[in-house]
Amino acid sequence: YNNIGEVYKKLKQYDKSLQYQLLALQTIKNDPSSLRLNLYNIGETYIGLQQYEKAQDYLNRALDLAKTSNDKRVMAYCYWSYGLIKADNG
């Protein structure tokens, strides 16, 4: 589901992307690596929808998990997305 959501996100079909990202979230709760990335992807999708509070919530969750496991890739993605939110909001 996560990959399907990513395809819809690339097509800027954010509502459809979010549906699949949330489905993925239900199926990967026991896989910490996938969970971190999926939470980030949901946050990024909410940025596309310009729902910045929801985006930050998911990014914060992803970042917390990434810090716990020292997942530098997801940490970098989250910090990048925080910058996008800041740029969009001035």
Side-chain angles (χ1 to χ4, degrees):
Y1 294 117
N2 187 51
N3 290 338
I4 296 170
E6 284 297 288
V7 169
Y8 280 114
K9 186 168 59 176
K10 297 288 183 199
L11 295 171
K12 298 185 188 291
Q13 295 181 24
Y14 298 115
D15 289 324
K16 202 142 188 115
S17 172
L18 189 58
Q19 290 175 356
Y20 283 97
Q21 298 290 0
L22 293 172
L23 279 172
L25 188 60
Q26 299 303 312
T27 62
I28 59 171
K29 289 187 182 244
N30 294 326
D31 180 2
S33 178
S34 294
L35 180 60
R36 293 187 297 270
L37 190 58
N38 184 240
L39 289 169
Y40 160 75
N41 286 334
I42 292 171
E44 192 179 51
T45 301
Y46 275 121
I47 291 171
L49 290 166
Q50 297 181 332
Q51 295 181 23
Y52 300 114
E53 283 186 33
K54 287 182 180 180
Q56 282 193 289
D57 178 53
Y58 280 93
L59 293 171
N60 289 342
R61 291 167 59 190
L63 184 60
D64 288 344
L65 291 173
K67 285 180 178 178
T68 301
S69 62
N70 199 32
D71 184 339
K72 290 182 180 14
R73 179 178 68 142
V74 172
M75 284 189 268
Y77 289 163
C78 290
Y79 289 129
W80 174 262
S81 292
Y82 291 140
L84 292 176
I85 291 170
K86 183 70 173 165
D88 284 352
N89 286 320

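Each residue takes its place number in the sequence, starting with 1. The analysis underlying the following values was restricted to heavy atoms, covering all of them including side chains, and did not include hydrogens, waters or symmetry mates.
For K12, there are no side chain to side chain donor-acceptor pair (under 3.5 Å) partners two or more places apart in sequence or in a different chain. Under the side chain to side chain donor-acceptor pair (under 3.5 Å) criterion, N3 pairs with no residue, sequence neighbours left out. For L35, the side-chain contact (heavy atoms from CB on, under 4.5 Å) test picks out L25, L39, L65, with sequence neighbours left out. Residues that satisfy the side chain to side chain donor-acceptor pair (under 3.5 Å) test with S33, not counting sequence neighbours, are absent from this structure. For the side chain to side chain donor-acceptor pair (under 3.5 Å) test, no residue two or more places apart in sequence or in another chain qualifies with D64.
Y79 and Y77 fall within the same hydrophobic cluster, defined by Ile, Leu, Val, Met, Phe, Trp and Tyr side-chain heavy atoms under 4.5 Å apart, directly or through other members. By the criterion of side-chain heavy atoms lying less than 4.5 angstrom apart, applied directly or through intervening Ile, Leu, Val, Met, Phe, Trp or Tyr residues, L18 is grouped together with Y58 in one hydrophobic cluster. In the hydrophobic cluster analysis, where Ile, Leu, Val, Met, Phe, Trp and Tyr join through side-chain heavy atoms closer than 4.5 angstrom, Y46 is grouped apart from L59.
In Y1, the OH atom is not crowded: 12 or fewer heavy atoms of neighbouring residues, nucleotides or ligands sit closer than 6.0 Å.
Atom CG in L22 sits 11.0 Å away from atom CG in N2 (nearest 0.5 Å). We find the CG-NZ distance between L11 and K16 to be 11.0 Å, quoted to the nearest 0.5 Å. Here the CD1 atom belonging to I28 is positioned 5.0 Å from the OG atom belonging to S34, to the nearest 0.5 angstrom. Atoms CD and CG, on Q51 and D57 in that order, are 12.0 Å from each other to the nearest 0.5 Å.
Judged by distance alone, with hydrogens and angles left aside, the side-chain atoms of T45 form a donor-acceptor pair with the main-chain N or O of N41 at under 3.5 Å. Judged by distance alone, with hydrogens and angles left aside, the side-chain atoms of N89 form a donor-acceptor pair with the main-chain N or O of I85 at under 3.5 Å.
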Query - Pair E44-Y40, side chain to side chain donor-acceptor pair (under 3.5 Å): steps then yes or no - result: CA-CA 6 Å; E44 192 179 51; Y40 160 75; 2.7 Å; yes
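For V74 against R36, the heavy-atom pair with the smallest separation is CG1-O, 4.0 Å. Annotation for S17 and G5: closest pair OG-O, 2.7 Å, computed over non-hydrogen atoms. The two atoms that bring Y52 and D88 nearest to each other are OH-OD2, 3.0 Å, heavy atoms only.
Listed by chain and number, the hydrophobic cluster partners of L84 are W80, where partners are ILVMFWY side chains within reach of under 4.5 Å, directly or through others.
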